Amino acid sequence: MSRIGQLWRTAGRIGYVRLAIAMLLLVGALLVARWSWDVMLARNAERAMYDLRAVAAAPQVGQDKRIVMIVFNDETLEATGKRSPLDRALLARALTNIDRLGAKAIGIDILIDQATPDDPLLIKAMQGMRTPTFLAFGTNATNPDAVQSWQEKFIREFQAKLAPGNVHPASIRLEDDADGVMRRWPPRPRGLPPLLVDRMAGGAGAFAGYTRAIDYRLPHAIDMPGIVSEPVFAKLPIDLFANDDAIDMLKSQVAGRYVLIGGDITDLDRFDTPQTLISKDKKTIGLEIHAVLLAQRLDGRVPVAISPLMLWLLALVVTLGGAGLGASDISGWRLAGLMGLGVVAIVALPVGLQYAGIDTLGLPAFGWLVGWTLAYIVAAAVARGFGSEQRRFAQGALGRYLPRDVASAILRDPSQLSLHGERTTIFALFSDLEGFTKLTHAVPPETTAVLLNNYLDRLSGIVLAHGGTVDKFVGDAVVAFWGAPIARPDDGDRALAAAIAMVEAGEAFRRAPPADCPPVGRTRVGLHRGEAIVGNFGGEGRMQYTALGDAMNTASRLESANKSLGTRALVSAEAAAAMTDPPLRPMGRITVRGRSTPIEVFEPIAEASRDDLHLFREMLDKFDSGETGALAALERYAGARDGDRALGKLVENLHRIGPGGCLALD
């Protein structure tokens, strides 16, 4: 209950009004993720994304031998000299001949909506049809732009003259979306007969009341230059079928097939389809769309629709996913990676469903992106509000000795502030500023305080920036460690980087002293890895998170050993062994006060090449093994680096202790 109470108080400080607004925005994100097909602007993006995935998932097929289109084209109009109405005498002769060739069914996508002198010829031809034939029918109520009332009256009277017989009315209604693209099957409004393709296909398929996506197919792609791929549906000019003498040669093109008759005229009855988004200059004639519908009807290809409940669940998952990521503590590359994965998943899921035969027309892919993003932004903003309050709590309860991620972890689990200790392995670091005690006697106390605060702020900032914990300040010394309360796999590398940065910061501090301030000495650092007891020690009213044990003492002794070895930073072999390819130069073995076991020590040389460090290690190994001439080689190596104080000291010490020896320090 205390945790809930803390969150409730934090929410109060953030502001209940702002939280209420955030909740409303999250609800808005959910609604967009569900209803974006009905939202202005968003619906355009949804249509474009649907068209892209529909074309990408459309299978490439060979020519459908079940269906043939017979068309009035521009050449036909030029030859007959008749444009509107189309030449009905030509249509009558073609119908009679096609009837002889054994077609399965004939569909006529031409409205006979006004009188011509050739009407008796067409009526006679249609009355004599043996093949089931379906003639276009339309009403003023369902298509007022194309059919006037007087035209509807003529259509009804003309078709009444064909009964009884094999010619029956059929709806040729096609319905595009608001952007003019044909994506879905047309509905059947009251007053219209069944759709043309439904009447032609008879009982095939399971399309009763189907008004979902048109399942377009693409022709096989051909990579050979100059060769055009074979279209999905054959298309022949109607002129060929009006020639009685040559009609028998066309039997193979018609026998046993579904025949669709209509126009293929440049400026009439042409529509955009999802493919138009890819090929801007490619429009599809209405007759071919009927052919697509007929093929889908014959195949029974009814894409599985996603239920409204499933769409709500998906919208909820997307919204919660964005909100969860926004509210998380993840940052940096991990956050960027998860955001990238989220976007890829949201984009890829609709494409995958389309490939799997799921009807994604109406699936709000763009709405998911918007809802996910909006939920992320809202949750992240609320989380920052909570986070600012948590940071205030961290500053008050924990001080400034823990890195940010560790403080956040303790905030998530306040029980870590209880008084307890645990034995663990840490990287312990001690630093010291040479000559600072003497400096305090040479400057006023106010100047000492300013200098010390400036110096300690620099070094403690480096510790925290590298993920370490500031244990304490002892005068001018900084005591820090890595590995507790949270251990990381790269703690050793972090600690080494911090040690090098602290030495460099100390040099910058030393080289730029304030006016009227005596010179400041060098900063020295010791780094060791070992066991320590880490925890909060003190009392309920006053406590300190600190580390106790041999690891801390050894790090302190290594810091002091820098004076004897001429180095600025020393790293023990135990610490070096837990680092990843560290730039360390061996500086021999030492024994220190309070520890009888020799310590092999190394100096960080960040600017040295790996080859140079390897060469030096080889020379020192040869000396330790007693190889003649190894010391002379080391002397030459040190002589070539006259400014390297630590290297000169090492050669001096090697003369004293001999191969395999150990330097004893107080």
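Because the structure is predicted, anything quoted here is derived from the model rather than measured.
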Is it the case that R529 and T425 place a side-chain donor and acceptor less than 3.5 Å from each other? no

Is it the case that D644 and Y637 place a side-chain donor and acceptor less than 3.5 Å from each other? no

Taking C-beta and beyond as the side chain, do [X] and [Y] meet within less than 4.5 Å on heavy atoms?
X	Y	value
W312	L30	yes
S560	V592	no
T523	E434	no
D490	D493	yes
F623	L654	yes
V32	T319	no
V478	D471	no
S609	D612	yes

Backbone N or O of [Y] within a donor-acceptor pair of the [X] side chain at under 3.5 Å?
X	Y	result
R34	G367	no
D476	L433	yes
Y376	G321	no
T469	A484	yes
E46	W37	no
N44	M40	no
R557	R593	yes
N453	A449	yes

From [X] atom [atom1] to [Y] atom [atom2], the distance as rounded to the nearest 0.5 Å:
X	Y	atom1	atom2	answer
I21	M23	CD1	CE	12.5 Å
L429	H528	CG	NE2	12.5 Å
H466	W482	NE2	CH2	8.0 Å
S36	M49	OG	CE	9.0 Å
M587	K649	CE	NZ	10.5 Å
I605	E603	CD1	CD	3.5 Å

With a 6.0 Å cut-off on ring centres, are F481 and F427 close enough? no

Minimum heavy-atom distance [X]-[Y], with the two atoms named:
X	Y	value
I599	S572	CG2-CB, 4.0 Å
G588	L650	N-CD1, 4.4 Å
R488	D491	N-OD2, 2.8 Å
V571	P604	CG2-CG, 3.9 Å
L452	G475	CD1-O, 3.8 Å
A551	E531	CB-O, 3.4 Å

Just wondering, more than 12 heavy atoms not from R610 lying within 6.0 Å of its CZ? yes

Is the number of heavy atoms from other residues, nucleotides or ligands under 6.0 Å of D642 CG greater than 12? no

Report the C-alpha separation of L663 and R656 in whole Å, then their side-chain angles, then the decisive distance to 0.1 Å, and conclude whether the side-chain contact (heavy atoms from CB on, under 4.5 Å) test is met. CA-CA 9 Å; L663 182 66; R656 295 207 315 268; 3.2 Å; yes

Using salt bridge (charged side-chain N to carboxylate O under 4.0 Å, His left out), reason through K563 and D432 one step at a time and then give a plain yes or no. CA-CA 11 Å; K563 289 183 284 187; D432 186 66; over 6 Å; no

Evaluate V351 against T360 for side-chain contact (heavy atoms from CB on, under 4.5 Å), listing each step before the verdict. CA-CA 8 Å; V351 176; T360 65; over 6 Å; no

Using ring pair (Phe, Tyr, Trp, His ring centres under 6.0 Å) as the criterion, list what pairs up with Y455, not counting sequence neighbours. F509

Verdict with supporting geometry, R510 and E507, salt bridge (charged side-chain N to carboxylate O under 4.0 Å, His left out): CA-CA 5 Å; R510 182 175 70 86; E507 280 299 293; 2.7 Å; yes

Under the side-chain contact (heavy atoms from CB on, under 4.5 Å) rule, what do K622 and L631 come out as? Steps first, then yes or no, please. CA-CA 9 Å; K622 289 178 181 178; L631 184 58; over 6 Å; no

Derivation of the side-chain contact (heavy atoms from CB on, under 4.5 Å) call for V601 and T567: CA-CA 11 Å; V601 292; T567 53; over 6 Å; no

